[in-house]
Colleague: 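Let me give you the structure first, and then I'll get to my questions.
Below, chain A is the first sequence line, B the second, and so on; all start at residue 1.
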Amino acid sequence: MFRRNFVSILNCQSVLREEGCPVVMIKAILIFNNHGKPRLSKFYERYSEDTQQQIIRETFHLVSKRDENVCNFLEGGMLIGGADNKLIYRHYATLYFVFCVDSSESELGILDLIQVFVETLDKCFENVCELDLIFHVDKVHNILAEMVMGGMVLETNMNEIVTQIDAQSKMEKSEQRSRWTSLSSLRLCGLFARAIQH
Amino acid sequence: MALKIVKGSIDRMFDKNLQDLVRGIRNHKEDEAKYISQCIDEIKQELKQDNIAVKANAVIKLAYLQMLGYDISWAAFNIIEVMSSSKFTFKRIGYLTASQCFYEGTDVIMLTTNQIRKDLSSPNQYDTGVALTGLSCFVTPDLARDLANDIMTLMSHTKPYIRKKAVLIMYKVFLKYPESLRPAFPRLKEKLEDPDSGVQSAAVNVICELARRNPKNYLSLAPLFFKLMTSSTNNWVLIKIIKLFGALTPLEPRLGKKLIEPLTNLIHSTSAMSLLYECVNTVIAVLISLSTGMPNHSASIQLCVQKLRILIEDSDQNLKYLGLLAMSKILKTHPKSVQSHKDLILQCLDDKDESIRLRALDLLYGMVSKKNLMEIVKKLMIHVDKAEGTTYRDELLTKIIDICSQSNYQYITNFEWYISILVELTRLEGTRHGHLIAAQMLDVAIRVKAIRAFAVSQMAMLLDNGHLLAGNMQRNGICEVLYAAAWICGEFSEYLQEPNQTLEAMLKSKVTTLPGHIQAVYVQNAAKLYASVLQQNEQAGDKEAAQEITQMLIDKLPQFVQNADLEVQERASCILQLIKYIQKLQAKDVPVAEEVMALFAGELNPVAPKAQKKVPLPDGLDLDAWINDAPSESSSDDENPKKMIFHEEEQRNVRHRRPEIDEDELARRREVRKQEQANNPFYIKSSPSSQKNYQDASGVDHIPVVQIDLTVPLRVPGMPLSDQYLKLEEERRQQQKQDRQKKKKKQKKDKSKRRHDSLHTESDEDITPVHHVDIITEEMPENALPSDDDDKDPNDPYKALDIDLDKPLTDNEKLPARTHRVTEKKAPEVEAASVEDKSKKPKKAKKDKDKKKDKEKKKGKEKVSKKHKSSENTEHEHDAPKEEIVAPAAQEEENEKPTGGASDMDFWLSPAPIQSKLQQEPLRNEVASEPPETLKENDKKEDTKSSKHKKKKHKEKSKEEKKSKKKKHHSDEEAPESVQNGSLEDEPLPPMSNYCLLAEDAYIKMMYDVQGNLQDGSQVVVSVIFENQSSGYLKSMEFNVLDSLNTKLVRPEGSSIHDGLPVPFQLPPGVSNEARFVFTVESIVMPQKLKGTLTFIVKTDDGSSHEKLDFKLHFTCTSYMITTPCYSDAFAKLLESGELKMCSMKVDGINISFQLLLARICFHHHFSVVERINSCASMYSRSIQGHHMCLLVKMGDSSVSVDGKCSDSSLLGNLLDELKQTLTETC
């Protein structure tokens, strides 16, 4: 679904994909749709739930009123950090991906990072669309955790991220299988038998 | 197939999973809140079940609800349960949810410590990874302290996946637990050369982030980073490093010179915009740091500006934005080169993108000159009118004010124009910067005397139209302007054309709707105005008018007396009473105007904003000390009731007595007060020319006031006032120009060339200001303290990480190993044990290991990867006894630092000719540790002959040193005072110890040393070595001191000041061990003695007995000093600053070598040598409270003279006394 929009906005050479390399101090990562509904929120600084919602609303308000062909950097978020911070965002189809970062960080780097994030999502969900994010927010979190850790960039090489995610889901699957057997062994025995009879 | 369906349905029957929840929420759009609360009830049920799968399912649903804004902290305990599941799937859910909602205040978080530790050491790398990821989000100081050691072990994990996570999380650990930085740093540094690029860049990331906050501690890493910069191909590592260099260069200008070439090369060669951009940024930083005396870098600046212009002209808005951002950095130091691109920047002001407009606005700040200020501001005013959002409009407003007021209104040639701009700005609705405009109005009116008449007329107009502005009542709204208007009209009322009218305007009933603080000003200034009206009337002999105006005030003021605001109420009723009194006098035909005027006589001068802070603390002022004797506790309890009875009576007496004070007494008091005021820097003295007597004020007469008021009507409909000024100004300049040209024609000298010049740049100097601007400077107290750290935020979390990393590790700096909860008092058992039983095991093993390591190091330089593997292995061996893990690291650092650290840095940085190098070289940083020997000196001379072989030889030498040191290290271990061993590695020096005897009896011997705490300016750490001299077993030792007001033992919370501290170990016969006690001190300028007692139980074969040993702890001034390296230039600056007090002393009969002498001073008194020339050396140290202490030590024939300078004279005096004692004692 996003693929159409994948033409890089930047005309500069994308350097992120070469190797893994942490870049920034990230305060928060938000994904919301064109109506401001949050699809993912990850805060690397402590805010109360109410403040978090306010931040999401404010960020949506700031970002959504901007034209398509203006720059992807935005200052002036009041709630999150104030003057030292910047919002760096990208808009793909129905979703906004917003990173709130330290002012001293490489802006172009973050833009590339967002691109890598989206491409990774696309690969893990096979043609990702908003619904994927809606129903599998946990998986999105897991993918993000392989890229950004505690507000610092951990890995930017998409292949490496995908490898780790795959390995983890394999583990998950094998555990589910064993879980199933353990479940069926107990209280489920009767239920299971009845279902088979049907 | 069928089975699968069944499985699914059974799962679903069991519980609603995340997908169901999401679906449900989407299906209940109307009553979402109700549906969710229902779901939460279900979740609560699920959490009660035993099945972990059900719980995990509930928890992941909670994580989703958290995103929607629901507080889920009530489930914290269940989250921890899920975290501790053995299944990866559930564990991951647990950690994810925890990372979303746990924070430092979560109380159950301490329960996680052991679980996390278990997961960190799990054989499954993903368990570890998930734990690290989770921990990175909710690490607390406690977790950081308890887990630092485990994470450090993980930094050498076999899997790069874990290594990079561990490296990255160390940053968070450092932030929460700064003590871990020094022990962990060597290994972190090692990771810079990790074979895995991910780990490497994680390390670069962490170190760069650390260095960005406290750059000076990381200067010594510059050579390493430089190597990485020239060798790395990873653009992102490059960007990080280049950014780091940007932070380092201001501290070390030589570094900048070295960088500029490779960076310009990169700029020319790279195709990656992001890298190019960062390079430009750093070159700018370098140029800024070099900005003085480096004329030949104009080429680089040109290159940067050119590249930036390309970025700005790019169609990509992002690049345009960044180009402008970088441009603003150049602007600060090289405004000229940016100004030539004014066209481009003005163009950006019209961009449709707000972010870009804002950046362009920033740039405008530096673009203005006297010539174009009006023009630019006009343009901005147009933008103000057009702007839609209030944010952008407010930004414009502040920028206009910034631009105009910058560097003391340097560019304003016509203040009437500026006032009218400010007045025009008041028409903005909904701005939040009313107070800014008000502040400007006040500032200009006060400081530019010539403008007062005009300002007052404008302000009177504002007051007349006050109702227009009063619409916006919120705080900081535009109504704030009225505050300024009222004050200016009142204060400078003599300029008012129609004071009666203004006075009426100020007393309108509408005024009562204004915010309280503005009304208060209204009332006060109405009184001022009244005074001046009264005077006018009286001078004119118009009694009726005078009485009329008095009556008006009496009529109008009561509306303020009833005001809700206390301030207004108070002022109004006070003034009302005063005026009623005046009315009485007027009725008796007494002239009162003079006396009423006297109420407001005297001029208020502006005071600099930092004036208060700059007032030096008078000597001997201690605000915490009791003024009278401290009341004894018992007496106050007993006598209180009695006192209460008398108290009232006394008060009554006082009241009676008051009027009895006779006139003489009053006069005397007044005199005393005047005296006091004369000496008091806080008191703003009235200037000799009181403003009320303006007739003779010299300022006004010689100022050529432009006749604007006469020629042009003040308001032309349809055209803003400021535009008229613009027009006028243009005409005026035209006139000036013509005049000048006429002159030139007359002169007929080198005509063509001159002409060209004047066309090219009509320099600022050519434009003469309309007014002679007489800006009154802001007042500062006399002998104000010059200080640069005014803006430092004491709460900066990174301040704690300001830790010297080059200093060798001391014994006490270890990461807390498992089981020990009380870290502060933890004694270095291993070290002590090995000292005591020399024959015992670890020694040989250690030696072997060291040898092995040494070998590896030699090899490893070429083959990094190989070395890594093997060192990893050895480190795993070390892991077994936890304490040991740090010891090798510490040793390693001890070995590497003195050579690899500062001196290497100098070596690497100095491209200068040999001679200058030789001067800089000796003893820069670590001099405390290496007094030069002649042999070495020779070595160096040889070295420098062939500059190509420099590095190689240096390395060899350091290796040799290492070897010799190693030998020494072992021999030294016999002495118990291994604390500063590492810093004294030169052979001829005898072993020295700072430990001195505290007390001794038949059972126990106590030695102690006092050292300042690096992290806390008000703490010192007393290390006491307890040695059991008896044949019995010593236990239950309790250490107690009698606190003084100044120095207090830090006891655990909840214990009283009489409780002793238990010594955290027991002593078998013949064994010694060390414990540390922390004391807080307030003043450090005097030495102190504290009495104390050690109680303990001696257990022998024939029973046990209670024993007690008294001692006296001596806190010398020396113990408050901390060895701090200092560069000679910084040292010179310090001496030049002239804020240090001087004191000197001389000691005769000294016959030790100068080198030994210096070493003694360094060691015993915690100094470092800044520079040494022959038998003369300058030394530096700092106290824990930041006093600088400089010494100049000169050695004559068997005598030593020491000149000291310090910001505190008593500290200096005491320290010199101590120094004298050491020198006489030892020689």
Colleague: Look at the side chain of B/Glu209 and the backbone N and O of A/Met152, then say whether any donor-acceptor pair between them is shorter than 3.5 Å.
Modeller: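 It does not hold such a pair.
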Colleague: Roughly how far apart are B/Met67 CE and A/Phe43 CZ, rounded to 0.5 Å?
Modeller: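 Between atom CE of B/Met67 and atom CZ of A/Phe43 there are 11.0 Å.
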Colleague: With a 4.5 Å cut-off on heavy-atom pairs, point out which of A/Arg39, A/Gln53, A/Glu160 contacts chain B the most.
Modeller: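 Result: the option with the highest number of such pairs is A/Gln53.
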Colleague: Taking the basic N atoms (NZ, or NE/NH1/NH2) and the acidic carboxylate oxygens, is any pair closer than 4.0 Å for B/Arg212 and A/Asp102?
Modeller: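 Looking at B/Arg212 and A/Asp102, the cut-off is met.
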Colleague: Measure the shortest side-chain to side-chain distance between A/Asp138 and B/Ile93 over non-hydrogen atoms and say whether it is less than 4.5 angstrom.
Modeller: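 A/Asp138 does not reach B/Ile93 side chain to side chain.
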Colleague: Does any N or O in the side chain of B/Asn318 come within less than 3.5 Å of the main-chain N or O of A/Asn72, such that one atom is a donor and the other an acceptor?
Modeller: yes
Colleague: Which answer fits A/Gln168, side chain, backbone, both or neither, if we ask what part of it has an atom under 4.5 Å from a heavy atom of chain B?
Modeller: both
Colleague: Short question: side chain of A/Glu49, backbone of B/Asp71 - any donor-acceptor pair under 3.5 Å?
Modeller: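 Looks like no, no N/O pair under 3.5 Å.
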Colleague: May I have all residue pairs that pass salt bridge (Lys or Arg N to Asp or Glu O under 4.0 Å) and include part of residues 90-106 of chain B, sequence neighbours excluded?
Modeller: A/Glu172-B/Arg92, B/Lys91-B/Asp119, B/Glu104-B/Lys176
Colleague: Answer yes or no: is there a side-chain heavy-atom contact under 4.5 Å between B/Tyr277 and A/Glu107?
Modeller: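 SC-SC contact between B/Tyr277 and A/Glu107 confirmed.
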Colleague: In the structure I gave you, are the side-chain heavy atoms of B/Leu319 and A/Leu108 within less than 4.5 Å of one another anywhere?
Modeller: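 In contact.
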Colleague: Considering only heavy atoms, which portion of B/Tyr161 lies under 4.5 Å from any heavy atom of chain A: side chain, backbone, both, or neither?
Modeller: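 Only the side chain of B/Tyr161 comes within 4.5 Å of chain A.
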Colleague: Going by heavy atoms in the side chains, are B/Arg26 and A/Phe135 under 4.5 Å from each other?
Modeller: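 Yes. Closest side-chain heavy atoms under 4.5 Å.
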Colleague: So do the side chains of A/Ser106 and B/Glu278 get within less than 4.5 Å of each other, counting heavy atoms only?
Modeller: yes
Colleague: If you round to the nearest 0.5 Å, how far is CD1 of A/Ile110 from OG of B/Ser274?
Modeller: 11.5 Å
Colleague: Any side-chain heavy atom of A/Met171 sitting closer than 4.5 Å to one from B/Asn124?
Modeller: yes
Colleague: Under a 4.5 Å heavy-atom cut-off, does chain A meet the side chain of B/Lys165, its backbone, both or neither?
Modeller: both
Colleague: Using non-hydrogen atoms only, which part of A/Leu131 is less than 4.5 Å away from chain B: side chain, backbone, both, or neither?
Modeller: side chain
Colleague: Show your working on side-chain hydrogen bond (donor to acceptor under 3.5 Å, both in side chains) between B/Ser99 and A/Lys42 and close with a plain yes or no.
Modeller: CA-CA 9 Å; B/Ser99 76; A/Lys42 182 87 205 169; 2.8 Å; yes
Colleague: Side chain from CB out, backbone as N, CA, C, O: work out which of these in B/Ile169 comes under 4.5 Å of a heavy atom of chain A, or both, or neither.
Modeller: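 Both backbone and side chain.
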Colleague: Return the option, out of B/Gln125, B/Gln66, B/Glu395, with the maximum number of heavy-atom pairs under 4.5 Å with chain A.
Modeller: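 Most heavy-atom pairs within the cutoff with chain A belong to B/Gln66.
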Colleague: Between B/Leu18 and A/Val137, is there a side-chain heavy-atom distance shorter than 4.5 Å?
Modeller: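 SC-SC contact between A/Val137 and B/Leu18 confirmed.
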Colleague: So, B/Gln19 side chain and A/His136 main chain: donor-acceptor pair closer than 3.5 Å or not?
Modeller: no
Colleague: Donor-acceptor check, side chain of B/Asp353 to backbone of A/Val70, threshold 3.5 angstrom: yes or no?
Modeller: no
Colleague: Sub-3.5 Å donor-acceptor pair from the side chain of B/Lys164 to the main-chain atoms of A/Leu154, do we have one?
Modeller: no
Colleague: Would you mind checking which part of B/Tyr126 comes under 4.5 Å of any heavy atom in chain A, side chain (CB onward), backbone (N, CA, C, O), both or neither?
Modeller: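 For B/Tyr126, the side chain is the part near chain A, not the backbone.
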